[in-house]
Protein chains: 2
Amino acid sequence: MTDLSEKLKNSGLKITPQRMEVMRYISGTLNGHFTAEDIHEELKKTEPTIPISTIYNITRALSEVGLLKAFEINGRMVFESNIETHANFYCTSCNEISDIAISSAIKESLIPHNFVVTDISLILKGVCNKCNVKEIAAEA
Amino acid sequence: MTDLSEKLKNSGLKITPQRMEVMRYISGTLNGHFTAEDIHEELKKTEPTIPISTIYNITRALSEVGLLKAFEINGRMVFESNIETHANFYCTSCNEISDIAISSAIKESLIPHNFVVTDISLILKGVCNKCNVKEIAAEA
DNA sequence: ATTACTGCAAATACTTTGCAATTGT
DNA sequence: ACAATTGCAAAGTATTTGCAGTAAT
């Protein structure tokens, strides 16, 4: 029994090949960010007829038990395996999303007293370092 | 020339009755949160045939010039007049959104160095105080 | 054996777009 | 007069749902 299947089992979810594939793909790329379509494209490689609704079903199940984190950006869901509280930076120039760590002191302070917080989504938008350098170079 | 129309003018936007109505409605309720549908329902009171696409056009124009803030939650846009950096708390029990202030020290620390940040969206989900009290009372 | 999950198709929900008519500057 | 905005209809995109068949426990 692998690490991933154990996680599924411990979460009370059944171990299906499709779920394993999603877990494997999402956990595979460290700090990766995936849309339902990304995952769909990947799974179609080995299972060409898998419908995208199954991807949605799986990602919802996995995020409900906390095995992955879901957030929405530009009108679509994005899934990631990094379930630690962190910020996601979306670059409006290259459309890439990158993780930004936040200190535990800040994490603490973000949670309001007397509120039961089950989910934190911190999304920054702007221009990433790489694109910013490019743009400055292009102006010169 | 009212305060609101001056804001529009200064932003380079034309002053139309529809925009004024949206501004008035959104700024009217302090710390209010509105979906396109909310605004649509409100404007229909005085202009019954106004299409919802106009609401979307207006909210986009206003948020582009920074006269209101837009974020997405549960697959839909939410608009608010509070353009200060703050957190929005979504209660999964009563579906209400409330503002949560964050200190300027935290604001500072949220912005990564070397990144050009144009937008910050901090959304917390959980159970608000009011609902939490109700639930505890119901259990007793 | 039972319950949960997948696959498929269709529906839903929200937002955007194109364009002609109108309005603000 | 000119450019921007509204109103309308239609399209587009992302996600959800119902249900029959299948697979996991």
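Naming: A, B, ... by sequence-line order, numbering from 1 per chain. Any value given below was found using the heavy atoms of this structure, including those in side chains, with hydrogens, waters and symmetry copies removed.
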Nearest whole Å is fine: how far is [N] [atom2] from [X] [atom1]?
X	N	atom1	atom2	answer
A:His40	D:dT13	NE2	P	17 Å
A:Glu72	D:dT13	CD	C1'	14 Å
A:Glu41	D:dA14	CD	P	12 Å

Atom NZ of B:Lys107 with >12 non-hydrogen neighbours under 6.0 angstrom: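 Atom NZ in B:Lys107 is crowded, with more than 12 foreign heavy atoms closer than 6.0 Å.
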Derivation and outcome, salt bridge (charged side-chain N to carboxylate O under 4.0 Å, His left out), residues B:Arg24 and B:Glu42: CA-CA 11 Å; B:Arg24 184 193 52 70; B:Glu42 172 69 15; 3.6 Å; yes
Does [X] reach the main-chain N or O of [Y] with its side chain, forming a donor-acceptor pair under 3.5 Å?
X	Y	value
A:His33	A:Ile97	yes
B:Thr118	A:Lys125	yes
B:Thr35	B:Val78	no
A:Ser63	A:Lys69	no

B:Thr49 or B:Arg19, whichever maps to the more 5' nucleotide of DNA chain D: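 Counting from the 5' end, the first nearest nucleotide belongs to B:Arg19.
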Contact interval (first through last nucleotide) of DNA chain C with protein chain B, 4.0 Å heavy-atom: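 Taking any atom under 4.0 Å from a heavy atom of chain B, the span is C:dC14 to C:dT25.
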Protein proximity profile, nucleotides 15-23 of chain D - base contact B, sugar-phosphate-only contact S, no contact -, cut-off 4.0 Å on heavy atoms: BBB------
Contact nearer the 5' end of DNA chain C, comparing A:Ile50 with B:Leu13: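 Per heavy-atom nearest nucleotide, the more 5' residue is A:Ile50.
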Residue pair B:Glu80, B:Asn88: steps toward the side-chain hydrogen bond (donor to acceptor under 3.5 Å, both in side chains) verdict: CA-CA 10 Å; B:Glu80 60 181 350; B:Asn88 280 293; 3.2 Å; yes
A:Lys9 and A:Glu6 ion-paired at < 4.0 Å: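 Salt bridge: no.
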